[in-house]
Amino acid sequence: MKFSYISHLECSKCKKEYDHNMVQNLCECGFPLLVRYDLEEVAKNWKKDSLVKREPTLWRYHEILPISDEEDIVTLGEGMTPLLRMNRLGKEIGLENFYLKDESIIPSGTFKSRGAAVGVSKAKELGIKDIAMPTNGNAGASWALYATRAGINTTIVMPESAPAIPRNECYLAGSDLYLVDGLISDAGKIIGKAVKEYDLFDASTLKEPYRIEGKKTMGLEVLEQLNWEIPDVILYPAGGGVGLIGIYKGLLELQKIGWIGEKLPKFVAVQSTGCAPLVEAWEQGKSESEFWENAETIAFGITVPKALGDFLVLEAVYETDGCAIAISDEEMLEEQGKLASIEGIYICPEGATTIAASRKLYEKGWIKSTDKVIAVNTGIGIKYPEICNPDIKMMDIGDKLSK
Ligand SMILES: Cc1ncc(COP(=O)(O)O)c(C=O)c1O
Ligand SMILES: [Zn+2]
């Protein structure tokens, strides 16, 4: 019995194979590498029953995660976040089986910690000492924290307008941190030059092959939490779309090891109307997106004008008869408030897009009232204090409430 059944890396485009025991970034053709496992051996050696005795962290799926030696795991206890049934909000929308995969309760408060836990663990296993990356904030925060725990240095560039909390997390974790008056794509160009000049490992989204493996565990967990029953629809707030690519990949692996059957959920990529390259591509039936000019939305994590893995997101959407839909900032804020006031859950604006999308797709008849619908909330609302500006009555000392 092996701890991991990782076999190699494979290019998502030209299928060229690479050694996972060496440091790798993109394929020589310029496209992302995906981790492959010996799934026949996994099917023979790994049974669902084994999960009963395992810790409630994402490492419970270690057979299909890329870390070969358990000793290399860098953990802050990430994973097995709640799958919350939303009866009251579901009723208000018209959905009978509405669930929230809630990533609020995870180190650093966003699902980025899944990618960071697995990415940093693999970096440690490969002997990497310096990691560099551009970020919209949350990924940088998670990578900075996990890397510090592993004794690995980080160099991070983020837009000046990124939220303050992840910036502080990077700073306090001891990152070599820089701000740029631009977008994540501008931060990426700076990092791109730096990794060539200094000996830094480029951990930009999808240039680093392993974070996707951490993110796929959201899908594995949802299925385990539903006792391996396949939901009808999964809605995901897509920036780079890595979480969606990961969840789809994880479900295909579960099919190959025989834990689930033919049926897959329909995947919905949800974006902001202020930055919707994937939605535009899907509406035009294209397999790749165009760069989105002047991207702007309060859902900072999904402000990605052109994603390296756009074709993989679109593939998951097309292959599952899913769709892509854009949500305005006003709609996000409204749903964020509704979820807090109806269900008592304070989610991030990115997560709120999936609630708004569920409502819209139900109203259009695309989602049926009986469908089992999973909205993915990728982070906790308290990471975004800037976007809530309530008008609250001020009192003088000694005043009385008038109800
Ligand atoms: C809270 C949040 N949700 C969603 C995303 C989008 O992530 P992905 O690359 O998986 O599309 C991000 C990325 O920064 C994020 O911070
Ligand atoms: Zn290739």
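Any value given below was found using the heavy atoms of this structure, including those in side chains, with hydrogens, waters and symmetry copies removed. Quick note: residue numbers are just sequence positions, from 1. One-based numbering, in listed order, for ligands and for the atoms of each.
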With L278, the side chain to side chain contact (heavy atoms under 4.5 Å, CB included) member among I325, V270, D310, V304: D310
Assign the ring pair W46 / W259 to parallel, tilted or perpendicular, where the plane angle (0 to 90°) is split at 30° and 60°.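 Because their plane-to-plane angle lies in the 30° to 60° range, the rings of W46 and W259 count as tilted.
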[X]: numbered ligand 1 atoms lying under 4.0 Å from its heavy atoms:
X	answer
P237	4 (C), 6 (C), 11 (O)
G243	10 (O)
V242	8 (P), 9 (O), 10 (O), 11 (O)
A238	11 (O)
G239	6 (C), 11 (O)
G240	8 (P), 9 (O), 11 (O)

Would F111 count as a contact of ligand 1 if the rule is a heavy atom under 4.0 Å away? yes
Using heavy atoms and a 4.0 Å limit, tell me yes or no: is K215 in contact with ligand 1?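 A heavy atom of K215 does come that close to ligand 1.
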Closest to atom 10 (O) of ligand 1 among protein heavy atoms sits Y236 OH, 2.5 Å
Can you tell me the protein heavy atom closest to atom 16 (O) of ligand 1 and the distance?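 So the nearest neighbour among protein heavy atoms is N138 ND2, 2.8 Å.
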Give a yes-or-no answer on whether the side chains of W59 and E78 include a donor-acceptor pair shorter than 3.5 Å. yes
Side-chain donor-acceptor pair present, Y37, E213, cut-off under 3.5 Å: yes
If hydrogens are left out, which of [options] has an atom nearest to [atom], that is, the closest non-hydrogen atom?
atom	options	value
atom 12 (C) of ligand 1	E103, K112, E350	K112
atom 3 (N) of ligand 1	T378, I212, L278	T378
atom 11 (O) of ligand 1	G301, A269, G241, G351	G241

Electrostatic pair E96-K91, nearest N-O below 4.0 angstrom: no
Using a strict cut-off of less than 4.0 Å between a Lys/Arg side-chain nitrogen and an Asp/Glu carboxylate oxygen, indicate whether K249 and E253 qualify as a salt bridge. yes
Are the side chain of [X] and the backbone N or O of [Y] linked by a donor-acceptor pair below 3.5 Å?
X	Y	value
Y318	K286	yes
R60	L51	yes
W143	S113	no

